[in-house]
Chemist: 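This is the structure I have questions about; it appears just below.
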Amino acid sequence: MARVVKVFGTLRNHWKKSTVAACALSYGGHWLYGKHWCPAYCTTSIFHFYCNLCLTNMSCCSLALPSGHRKANSLFEKNAAPILHLAGVEVTLVKTDYEGQAKKLMELMEQTDMLIVAGGDGTLQEVITGLLRRADQESFSKTPIGFIPLGSHNSLSESLHILSDNQVKHITSATLSILQGETVPLDVLQIKGEKDQPVFALIGLRWGAFRDVAATIKKYWYLGPLKTKAAHWFSTLREWPQVREASVSYLAPTLRPPDLPEQKPQRPHLMYRIAHRLKNYWYPPIPVEEPERWNERMLSTLELSIHTQNKNPVQARTDDSLLVCVEPDSFSVGEFITVGEKKMEDATAFTRKSLKLEASACQLNLPEEGAGFYNIDNEEYEAMSVEVTLLPRKLHFFCSAERREQLLTQVQ
């Protein structure tokens, strides 16, 4: 008992050191629990649960993995690959060795029953860009695509899969949605400059002050949870206001055609077909081409974004359109920091004061010098004047039935 009293007396006399030591031990114990014991236990239990669900056979597929990401490759090999093999899927695995290789591989890939991309936004963008640059992209783009989120940014995942804080559960859930075979159509943006080949995006393009600050946040890692606010505040000390000047021309949205029937319509009678062809021969129809009506706006903004409406791919829409969002140039410093934090959580979010335009295509004209950089699906590109065209319902991605139901409920 005397020893216990002595220990408590020592802790009381040195309460500052005791407090620091207790905090350090608590943090260390929590880190060890999350780093070693908990992942091993969760991986085993979740993996066994999903393996018991995989009792179907599917055909062959090609799979692309990102370059230089050992952790991502390890997560795929430990969690997703066994489920695919257990389901009887014949997988052709392709691991890229350097950035940009996925584009070249897609241009050379032979036809396959499905395509699975295991990576993040960058890998996914390379794959779809390579796919849609092919000469036979009209037929190849009909190949269903599965997405297994393994990157630091997985923006498309929330539109396709049930979200989970547990990475193992998230990966295995995404893999299982591929085996279920249910797909949703997604829009694609074709972004083309004056000289370069087009780049294709599933999320969108972002340009302006909020994007520039987001690229610097990692430098303030030592500030912990305050790093986002600090990065935005420090940027206002260097330059304020951070206004961008540009002009945008755009075409009105186009009506969305009805979904094609699953069964082909019955072929007309022979005599009807003969009469129809004779009529077209003697009185050929004269096509009437209406001139394109481009609307132009001069912009002064803190940030401009052009993105698809893939956030909810099951939402019924009457028009096929992309969304141009222009933030005002009248933010105060406090508002700039607050909005910047929200955009870090969701880059496609916009404020009530923003100007929103729906269009089928747009031309973004930037100043020749000092335009900075774009983010296209969270990948950095040099900013230049570009033409952005919407390719409606161009690609089909595997989507979990549970997530589809959740998205339908949000619409209602």
Chemist: Using distance only, find each side-chain donor-acceptor pair of residues 233-240 under 3.5 Å and give its atom names and separation, not counting sequence neighbours.
Modeler:
unit_1: S235; atom_1: OG; unit_2: H232; atom_2: O; d: 2.6
unit_1: S235; atom_1: OG; unit_2: Q242; atom_2: NE2; d: 3.3
unit_1: T236; atom_1: OG1; unit_2: W233; atom_2: O; d: 2.5

Chemist: Evaluate the criterion side chain to side chain contact (heavy atoms under 4.5 Å, CB included) for residue pair L176 and T172; output intermediate values, then yes/no.
Modeler: CA-CA 6 Å; L176 191 62; T172 49; over 6 Å; no

Chemist: If the condition is ring pair (Phe, Tyr, Trp, His ring centres under 6.0 Å), which residues does F397 pass it with, not counting sequence neighbours?
Modeler: none

Chemist: Applying salt bridge (charged side-chain N to carboxylate O under 4.0 Å, His left out) as the test, list every pair that has at least one member in residues 198-217; sequence neighbours left out.
Modeler: R206-E303, R211-E380, D212-R244

Chemist: Can you tell me which residue pairs pass the side-chain hydrogen bond (donor to acceptor under 3.5 Å, both in side chains) test with a partner in residues 216-231, sequence neighbours excluded?
Modeler: none

Chemist: Which residues satisfy the side-chain contact (heavy atoms from CB on, under 4.5 Å) test with S400, sequence neighbours excluded?
Modeler: I162, S177, Q180, E402, R403

Chemist: Using the test side chain to side chain donor-acceptor pair (under 3.5 Å), find all partners of H396 that sit at least two apart in sequence or belong to another chain.
Modeler: none

Chemist: Could you pull out all residues at least two apart from R134 that satisfy salt bridge (Lys or Arg N to Asp or Glu O under 4.0 Å)?
Modeler: D136

Chemist: I'd like to check the side chain to side chain donor-acceptor pair (under 3.5 Å) partners of T254; sequence neighbours left out, ordered by chain and number.
Modeler: none

Chemist: Can you list every salt bridge (charged side-chain N to carboxylate O under 4.0 Å, His left out) pair that touches residues 137-159, not counting sequence neighbours?
Modeler: E138-K394

Chemist: Can you list the residues that meet the side chain to side chain donor-acceptor pair (under 3.5 Å) rule with N154, with sequence neighbours excluded?
Modeler: none

Chemist: Just by distance, no angles: are the side chains of N378 and S155 close enough, under 3.5 Å, to form a donor-acceptor pair?
Modeler: yes

Chemist: Indicate the ring-plane relationship of W207 and Y374, choosing parallel, tilted or perpendicular according to the 30° and 60° boundaries.
Modeler: perpendicular

Chemist: With heavy-atom distances below 4.5 Å as the criterion, would you say the side chains of D187 and R317 are in contact?
Modeler: yes

Chemist: With a 4.5 Å cut-off on side-chain heavy atoms, are K311 and D346 touching?
Modeler: yes

Chemist: Kindly write out the residues that satisfy side-chain contact (heavy atoms from CB on, under 4.5 Å) with P253, not counting sequence neighbours, or none if the list is empty.
Modeler: D319, S321, E358

Chemist: Do the non-hydrogen side-chain atoms of L322 and L189 ever get within less than 4.5 Å of each other?
Modeler: yes

Chemist: With a 4.5 Å heavy-atom cut-off, do R133 and F200 have their side chains touching?
Modeler: yes

Chemist: Do any pairs count as a salt bridge (charged side-chain N to carboxylate O under 4.0 Å, His left out) and have a residue in residues 329-341, sequence neighbours left out, and if so which ones?
Modeler: E335-K353

